[in-house]
Amino acid sequence: MLEPQFESALAHRATPENLSISMREITERGMIDLRGLATDKKFMAAVKSVLGFDLPKAPRTSSTWGDLKALWLSPDQWLILCTRSKTAALLAELNSALGKIHSLAVDVSDMRSIIRLDGEGVRETLMKGSSLDLISDDYKAGTVRRMRFAEIAALLHVVEDNVIDLYVFRSYAEYSWAFLLKAARKGSEVKLFKK
Amino acid sequence: MKSKYSIFSLARNAQNYHKDWERAWRSPTPKAEYDAVIIGGGGHGLATAYYLAKNHGLTNIAVVEKGWIGGGNTGRNTTIIRSNYLQDSSIAIYELSRSLYEGLSQDLNYNMMFSPRGVLMLCQTQHELRAFQRTAHANRLAGLDCRMVTPTEVKEIVPIINTDPNCRYPILGAYYQPRGGTGRHDAVAWGYARGADALGVDILQNCEVTGILRDGGKVTGISTTRGEIKTKKIGVVTAGHVSTIMDMAGIRMPIESLCLQALVSEPIKPVLDCVVMANTVHGYMSQSDKGELVVGGGTDPYNNYSQRGSFTALEHTVTALVETFPIISRLRMLRQWGGIVDMTGDRSPILSKTDIEGLYVNCGWGTGGFKAIPGSGFVFADTMANDRPHKIAEPFGLNRFAEGRLIDESVAAAVAH
Amino acid sequence: MLVVTCPVCDASGDETDFHYGGQAHVKRPATTDPVNITDEEQRDYLFIRHNPKGLHFERWRCDRGCGKWFHAARDTMTLEFKATYGITELPPVELMKEAKGPWAEFFKKRLKEKA
Amino acid sequence: MSKNPYRLSNGGARIDRARKVTFSFDGKDVSGFAGDTLASAVLASGQKVFGRSFKYHRPRGLVGLGSEEMNALIGVGEGNKHEPNLRATQIEIFEGLSAESQNRWPSLKYDIGAINSKFSRFIPAGFYYKTFMWPKSFWKHVYEPFIRKAAGLGKAPEGRDPDTYEHMHIHADVIIVGGGIAGLAAAEAAASTGVKVLLCDENPVLGGIADLTAGMIDGECVVDYADAAALRLAALPNVHILTRTTVVGHYHHNYLMAFERVGDHDPAILASGAPKHRLWKIRANKVVVATGALERPIAFANNDRPNIILASAVRGMIGRYGVTPGSTGVVFTNNDDAYLTAFALKNAGVNVRVVDSRARADGALVKRAMADGIDVQLSSVISAVEGTLGVTAVKIAAYRKGQGRVITEKKVDCDFIAMSGGWNPALHIWCHNGGKIQFDDGLQSFRPKSHTDNIVAIGAANGTMSVEATLLEAQGLAKKAKKFKVEEPVRGALESLWFAPATGKYNEGNKHFIDFQNDVTAADLELAQREGYESIEHTKRYTTFGMATDQGKTSNLNGLGVLSEATGKTIPEIGVTTFRPPYTPYSFGSIAGALTGELFLPVRRTPIFKWHTDHGAVFEPVGQWRRSYTYPQASEDKHQAINREILCVRNKVGMLDASTLGKIEIKGPDAAEFLDRMYTNTFSTLKVGKCRYGLMMNELGFLTDDGVTVRLADDHFLMHTTSGGADRISAWLEEWLQTEWTQYKVFVTPVTEQWAQFAVAGPHARDVLSKLVPDFDISNEAFQHMSFKQGHLGGTPVRVFRISFSGELSYEVATPANFGQGLWNALMEAGDEFGLSAYGTEALHVLRAEKGYIVVGDESDGTVTPIDVGMEGMVSKKKADFIGKRSLEQSFLKSPNRKQLVGLLTEDPTEVLPDGAYAVAVVKDKPPMEMIGQVTSSYMSPTLGRSIAMALIQNGRARMGEVISFPLEGGKVMKATITDTVFYDKEGGRLHA
Ligand SMILES: Cc1cc2nc3c(=O)[nH]c(=O)nc-3n(C[C@H](O)[C@H](O)[C@H](O)COP(=O)(O)OP(=O)(O)OC[C@H]3O[C@@H](n4cnc5c(N)ncnc54)[C@H](O)[C@@H]3O)c2cc1C
Ligand SMILES: NC(=O)c1ccc[n+]([C@@H]2O[C@H](COP(=O)([O-])OP(=O)(O)OC[C@H]3O[C@@H](n4cnc5c(N)ncnc54)[C@H](O)[C@@H]3O)[C@@H](O)[C@H]2O)c1
Ligand SMILES: Cc1cc2nc3c(=O)[nH]c(=O)nc-3n(C[C@H](O)[C@H](O)[C@H](O)COP(=O)(O)O)c2cc1C
Ligand SMILES: [Zn+2]
């Protein structure tokens, strides 16, 4: 065997049935955890030279450029999203561009599992496990938010109105999946302020 | 001398419709001076007064209570009584206390309903199992009547418990103290009050201490909302409020006041006749004689004097107990409340003299001092009467924090309730 | 369940999205002078705590947000947050003046320095 | 006589006479209509007794109309679907519902427990504090079991709950608690400003008691206004309405809990997949308390007899369900509102008379009653009630405020009583988070005063008993107030009546009940006072007044009234007890929500988890992780399996899933100096590409974690922590960087889950790796112990550390988690010819113990220093400061008598010391014995063919060779010799092989 064998956390889970929304694991995405100071002009410039766009500075926002995305995590931390196959190359580029600039870029493509939630009612489904007011205007498309979800830490990325990506640490993928199966069960839908 | 409580006195008083019962304790006006003053009319304060009078002949003393006696944590605790701690010094005081409880109703002629129904501490991880095995060895050599029990025995003692080996935290066994149990919390305060009062102790309620009077390094009295009171000996026994009182004397304490919550279910017919503590999942439960399930859990992390806690603390406890006792899922919560617990740096109590002559402090019982009331009162009274720490009180001195001589029970993977 | 708002990323959420870090402004003696520390100084650093009934100053971490530590002034009776401020900063002057007991002593020096 | 003699031929706004519903109560079939409650249907059938009381087992009937009901507590459903203590007035009936009464045996009519009431004279409040003390042992074995059997209400269900529960979060600008006219009007007012409004009511239908309220709003009667308002609100997009939803608690920062009964009233809803109950977690900017008022009973002799019902409840039974409690009724009141009940009865063709304790009653309603020819007796009270299982007659006596006993009474036949002692604003939600209240002389009750939260009270909850004023208050939430044209009867003043006298010196021989459910009488409250339990809090706890499942909703104020008359203090002077959540009891299931079974607490799974399961692993929880403890094969028991795994590592090669180990990347110009602060030993001197084992203390000087750290580059480290410590340590590093050493330029990124990591250990470890053609030189020379390489194995990207926790030649291979299973399989295949097999955590523990390696948490327990465990050498003397250093100087941590880690060899090599066993200074024939230390790890070592152990023993290192004794259970004493802790391969040759 000279080919690495790829197996994601939820690979053996069947596509769920009898749900009020649709739910699947996204595996083809690469992730780089990037640390550096937003206040450090050299750092910001170096990163831009590679990504082609500015890292978002505003809390809980994200920027997109082709198949590249940068999610704000903290004033000195971002999650860069790219096509999984291009991660190593991108990381190398970043590191060479950053050189001696104080920073830390790590490939974390396997650290988190991503669950794509799609359909009318995704926000309410998540609100069964999250205390955030996900139906408010604070959560427009593009918004990024770390949160407590059920009993675990999660990262939420609003892709479109009814499409949300939920990032959880890989070891919790099964737990999150099971919770969502229960929360999204047909017959248990909750509609907030909807007529 | 007070007329004795008994089935006969009950019958006698029934004749004229109970019109002739005398007061359980008087409601005296404060004297100008006492030989000693106990600040705090909780279990520990009242017990201290009782033993000062009974064992040391100090009867010209007062218990000063800002509200109503037993209205602090003594009146809001889940009444677990056990002595199977790990450290020698802890075992000594909690076992003295437990054994005093055995005869307390008779001693006080007040039925405080000590119920040695047994305390089970579940082992739900290998680590917890090993920790309790260690405790079991230590307790046996200290002379305690305790033992490890198997999951099967656990099921026999508590049929409603979930022993499914595939559940999240399967029960691997339990540490069992057959002579541990519960008591009627209010009755402990009232019984000690009635006993102390009978020996001449003044119990001053609705009397808040607002200052500690000093002459150089000596105490001379206290100022209260009912006027100044002279005294040369002061015992501060105010639990969650100990820092505020000690600040009045300029002494800084290794204490933080947190809110600990408890709750009861609606009363149901008996389903549980021992105390079960599940420390890995942070919940414990017993059933009172009236039928309600009495439940307690952990504290909120932040300082809190409001006697009202966060819903999450309570939610985690209930969730854990629904998993441990599946039948409670359809039962209902009747009432929840909180108490302000005095947490020390090593989670063990403080029974100590201070740098100020005549000022003594008894606090830091935190989440676990109801079980200690008789023992603590006993040794603290001795400490105050003789102005030197009682042998059992000695390890609990304030000096331990500067020496690094901590008494850490968390080692035993046990919570302190 | 308290609502906490992080002064760094402005995220506001339940107390469970944050981590409580105990009393604020506790000085670690060894950082400045590792050699001359009395047992009492070490005890004070490790164990002695302000425990006021009322205005208190404490540390929190924006656990489920930006991950940064910050300071907060909170009333331990009403549990109301009076202010939040940077982890390396002192509280707003008016709160330093409002503080009682041991906190008042602690801030007296700081206020002089400011003035 | 018809099956439902008390169902009126018409009327009943809530029932649908076209839809008949049959259910069973105590085994017999009862028929009612859709919309009935269990209370209305059973009452219609002519049954008056619904339950037995707590202490005296007296027969009890309905008192209330809703959640305030305290007597009619019912058990519903069977087996694991049983639910005790539900209020008959809240149970909506459905076809097939099965219900039973409680706290009686054998039946409601004949209850053995009722003998208690014969002895009632001997068992006043607190009697149990005065007796049951002799003989001592009897409390536990005789008295207590007896008391416990007698006490308690319903019985618990059996088995696991088959239904589901869930939580839901919602944020609103305004939450309105209560959907009566106050709540409805407030909701419309608030909604008109465009904000988000949440309206909750515990009943199935909005409107509160609008249908029991006299008056006209803009020309339509109150209930029609309410219905219309409810419809308008339902159409608004910024309004969310929850019915059957009780707001159970108000907490800090306007956090509220609401309990929704989703499926209780209709099994079809549950069947469709809905949860039984839903707990709403509400965060609101403003709270509006519109919780209405609760009518209070009157304390008169035997006022607890079945069919003595609150006036508003009687009115409700007629208006909502077309049911009357009887054919001849007496309305007993001290206020005007109850006259509405007299009218309702008269209109329904029921004989009714009014007994009014007031001397002067000239309100519009009273006048109308007299005009209508209703017999109204002023200045009178009911002084006695006849009948046990129901009311057969009452005695009426003349009354003056403050009079003592009654001398003459007049008997009047009747079969029910409608009583009204006035109304108490429902203050619970207002008070839960510290709202202040004040006494209102007009109401003779408490009403809201002030609050520190953003919260207001309106309507009856605010003590506002006029419709017009209520609607006006509600307009406070609108930008501009709406005007209403309201007509309503002018009400005369209420006159408090706390105790209606009876005959007899002390009114003896009968009972004036205050707290019905806990059987607390006026005499009990007075007794408590006499005995010195003066504070209302003492009285409460001594008599259990207000502590029943209704929490004294209707009774508390009557109690205060009685106490005030007994002590001469005013009611405000006496004060109230603390209002605590919940408003009404709610299910533990709803509090647990979805988090039961597999969702209770998360299980963390490594990338190899499925393989472990498929290969028969026995798991153990480590933090939230599940790790393989061992892999028993076919016939093996655990111990055989563990021994096989150990020998496999020693003699061939084994593989362990170590993915749970904490991994943290640390980078920056100050990284090395920072690590020097964190660890007891030095890392700034570590060479790039090399590994070093490090110890961490907390500030108290006690061991908290250990692990191997690698220097990837000059300014870049990869730290390993214990599995349990991973999250704690990375947070800890961040904390120090952010709060203490802010000048350091260091970034810390936890990467634990990025990597699957396996230990390949044993003489053949190198052979196994070689077979996967590494693209780096793994010869012993090129890749030495405690060094690091990066490259590919079998084409898979890997980081390889040559480190060992087993004492064998060993490599830890890390690969990105999603490649983990693939690489694991490849290694298994490659290792096959060398006899490779997986080993679990227990084998690992034995292997490391044979080598004397410590496990933080076994050898240390949070009170142990590195020096105690013999690692003085790893505690730097050169470094000026690192975490925990100063504490090691505290006298107790330096004491010569501290316990020190040593090895132990038992005299009998086949015996294994029990874990945690204590050694004693001197063996005595019975405890107590002085303990000198305890076993920290103890195993049968298959490698050495004998038992080995490590222990912490006082001053142990000075006692090498000494034999110490461990007294065990049953008198057995084990002896063991103190040795050093390394039992195997002392020179460490195998590591470097
Ligand atoms: C929810 C909960 C559950 C618990 N469960 C258990 C358990 O199961 N088992 C167990 O052993 N322990 C338990 N505890 C701990 C136990 O209740 C306490 O440790 C114990 O009651 C402390 O008694 P005390 O007399 O020291 O303090 P308290 O009973 O609190 O008495 C202190 C008194 O001092 C008074 N006071 C305060 N300030 C002043 C002033 N300025 N002037 C005058 N008087 C003042 C207060 O009013 C109070 O009455 C629990 C505690 C809580 C809150
Ligand atoms: N004159 C009198 O004696 C008298 C007495 C009572 C009411 N009234 C009249 O009736 C009007 C009552 O209107 P109102 O709206 O104030 O009271 P209401 O009783 O009509 O409505 C209150 C509603 O709130 C519900 N509720 C109470 N606590 C709740 C909780 N915690 N969670 C969810 N729901 C809860 C109740 O079940 C009820 O449906 C008053 O304005 C007054 O005009 C007069
Ligand atoms: C062991 C125990 C059992 C209790 N049982 C009940 C009960 O059956 N009913 C009740 O209303 N309260 C019960 N309580 C709670 C008290 O009513 C009260 O809430 C508690 O003492 C705290 O006082 P507070 O709520 O007045 O602050 C119990 C308290 C304890 C400590
Ligand atoms: Zn933040």
Side-chain angles (χ1 to χ4, degrees), chain B residues 5-7 10-11 14 17-18 21 23-25 68 71 105-106 110-111 113 115-116 125-127 130 133-134 137-138 140-143 168-169 186-187 266-271 289-291 311 315 318-319 322-323 326-337 403-405 408 410-411, chain D residues 83-85 121-122 124 127-133 140 144 147-148 151-157 160-161 251 506 508 527 530-532 535 537-538 541 549 580-582 585-589 591-592 595-596 600-601 620-621 861-863 890-893 915-918 927-929 931 934:
Chain B
Y5 287 160
S6 74
I7 186 81
L10 255 179
Y17 300 90
H18 306 283
W21 287 109
R23 301 178 58 100
W25 58 83
W68 39 287
S105 295
Q106 290 71 21
Y110 198 103
N111 187 358
M113 303 176 195
S115 170
T125 65
Q126 287 294 339
H127 184 263
R130 299 175 74 242
Q133 278 165 347
R134 174 183 169 192
H137 287 292
R140 179 170 41 77
L141 292 172
R168 179 63 182 85
Y169 283 108
D186 295 323
E266 292 187 334
I268 46 165
K269 293 297 175 192
V271 290
D289 290 342
K290 272 205 346 290
F311 184 79
E315 178 182 351
V318 170
T319 309
V322 167
E323 200 52 27
I327 66 155
I328 73 169
S329 174
R330 292 172 97 88
L331 302 179
R332 297 184 173 222
M333 172 162 80
L334 169 61
R335 185 173 174 103
Q336 66 171 95
W337 64 93
E403 297 165 5
R405 192 171 36 76
D408 190 341
S410 60
V411 172
Chain D
E83 245 176 314
N85 304 342
R121 188 162 161 193
F122 300 95
F127 74 98
Y128 31 71
Y129 298 124
K130 298 186 172 107
T131 179
F132 297 141
M133 289 180 269
K140 171 90 184 341
E144 188 178 44
I147 290 181
R148 292 191 66 188
L153 289 167
K155 60 176 174 46
R160 211 177 230 289
D161 191 334
Y251 300 84
Y506 305 122
E508 65 262 26
L527 174 63
R530 271 200 300 286
E531 292 196 82
S535 155
E537 297 288 2
H538 280 155
R541 288 159 177 81
T549 67
R580 293 278 189 185
Y586 64 109
S587 67
F588 288 128
I591 296 174
L595 303 188
T596 58
F600 165 45
L601 284 174
E620 78 163 316
D861 64 7
T863 64
Q890 309 288 95
S891 57
F892 187 71
L893 278 73
D915 249 313
Y918 273 77
M929 296 179 232
M931 294 170 256
Q934 78 278 5

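The chains referred to below are lettered A, B, ... by the order of the sequence lines, with proteins before strands, and numbering in each begins at 1. Keep in mind that what you see is a predicted model, and the values were worked out from it rather than measured.
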I need the residue from [options] with the largest number of non-hydrogen atom pairs under 4.5 Å to chain D.
options	value
B/Met113, B/Arg23, B/Arg168	B/Arg168
B/Val318, B/Leu141, B/Val322, B/Asp186	B/Leu141
B/Pro116, B/Gly71, B/Ser105	B/Pro116
B/Gly291, B/Ala11, B/Pro270, B/Ala187	B/Pro270
B/Arg405, B/Met333, B/Glu315	B/Met333
B/Pro326, B/Ser6, B/Ser329	B/Ser329

Working for side-chain contact (heavy atoms from CB on, under 4.5 Å), residues B/Leu10 and B/Trp21: CA-CA 9 Å; B/Leu10 255 179; B/Trp21 287 109; 4.0 Å; yes

Side-chain touch B/Glu266/D/Pro84, heavy atoms, less than 4.5 angstrom: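 Contact flag for B/Glu266/D/Pro84 side chains = no.
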
No-hydrogen, no-angle side-chain donor-acceptor test under 3.5 Å, B/His137 and B/Arg134: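 There is no such pair between these side chains.
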
Flag for D/Asp915-B/Gln133: side-chain donor and acceptor within less than 3.5 Å: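 There is no such pair (donor and acceptor under 3.5 Å, judged by atom type) between the side chains of B/Gln133 and D/Asp915.
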
Plane angle bin for D/His538 and B/Trp68 - parallel if under 30°, tilted between 30 and 60°, otherwise perpendicular: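 If you compare the ring of B/Trp68 with that of D/His538, the planes turn out perpendicular.
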
Against chain B, label [X] side chain, backbone, both or neither, depending on which of its atoms sit under 4.5 Å from a heavy atom there.
X	answer
D/Met929	both
D/Ser535	side chain
D/Tyr586	both
D/Leu595	both

Of the listed residues ([options]), which shares the most heavy-atom pairs with chain B below a 4.5 Å separation?
options	value
D/Gln934, D/Glu83, D/Lys155, D/Arg530	D/Arg530
D/Glu531, D/Lys140, D/Gln890	D/Glu531
D/Ala592, D/Pro621, D/Pro585	D/Pro585
D/Gly589, D/Pro581, D/Pro928	D/Pro581
D/Ile591, D/Leu893, D/Leu527	D/Ile591

Derivation and outcome, side-chain contact (heavy atoms from CB on, under 4.5 Å), residues B/Tyr110 and B/Tyr5: CA-CA 7 Å; B/Tyr110 198 103; B/Tyr5 287 160; 3.7 Å; yes

Non-hydrogen atoms of D/Leu601 and B/Tyr169 that approach each other most closely: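 Of all heavy-atom pairs spanning D/Leu601 and B/Tyr169, the closest is CD1-CE1, 3.6 Å.
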
Non-hydrogen atoms of B/Ala142 and D/Pro927 that approach each other most closely: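 Closest pair (atom of B/Ala142, atom of D/Pro927, distance): C-CB, 4.2 Å.
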
Those residues that, when tested against B/Ile327, pass side chain to side chain contact (heavy atoms under 4.5 Å, CB included) (two or more places apart):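 Testing B/Ile327 for side chain to side chain contact (heavy atoms under 4.5 Å, CB included), a comparison that skips the adjacent residues, returns B/Ile160, B/Val271, D/Ala156.
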
Side chain, backbone, both or neither of B/Arg335 within contact of chain D (heavy atoms, under 4.5 Å):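 Both backbone and side chain.
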
Region of B/Asp289 that comes under 4.5 Å of a non-hydrogen atom in chain D: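 Both parts, backbone and side chain.
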
Residues that B/Arg330 engages under salt bridge (Lys or Arg N to Asp or Glu O under 4.0 Å), provided they are two or more places apart: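 B/Arg330: salt bridge (Lys or Arg N to Asp or Glu O under 4.0 Å) contacts with D/Asp161, D/Asp163.
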
Under 3.5 Å donor-acceptor, B/Asn111 side chain and D/Met133 backbone: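 No; zero donor-acceptor contacts below 3.5 Å.
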
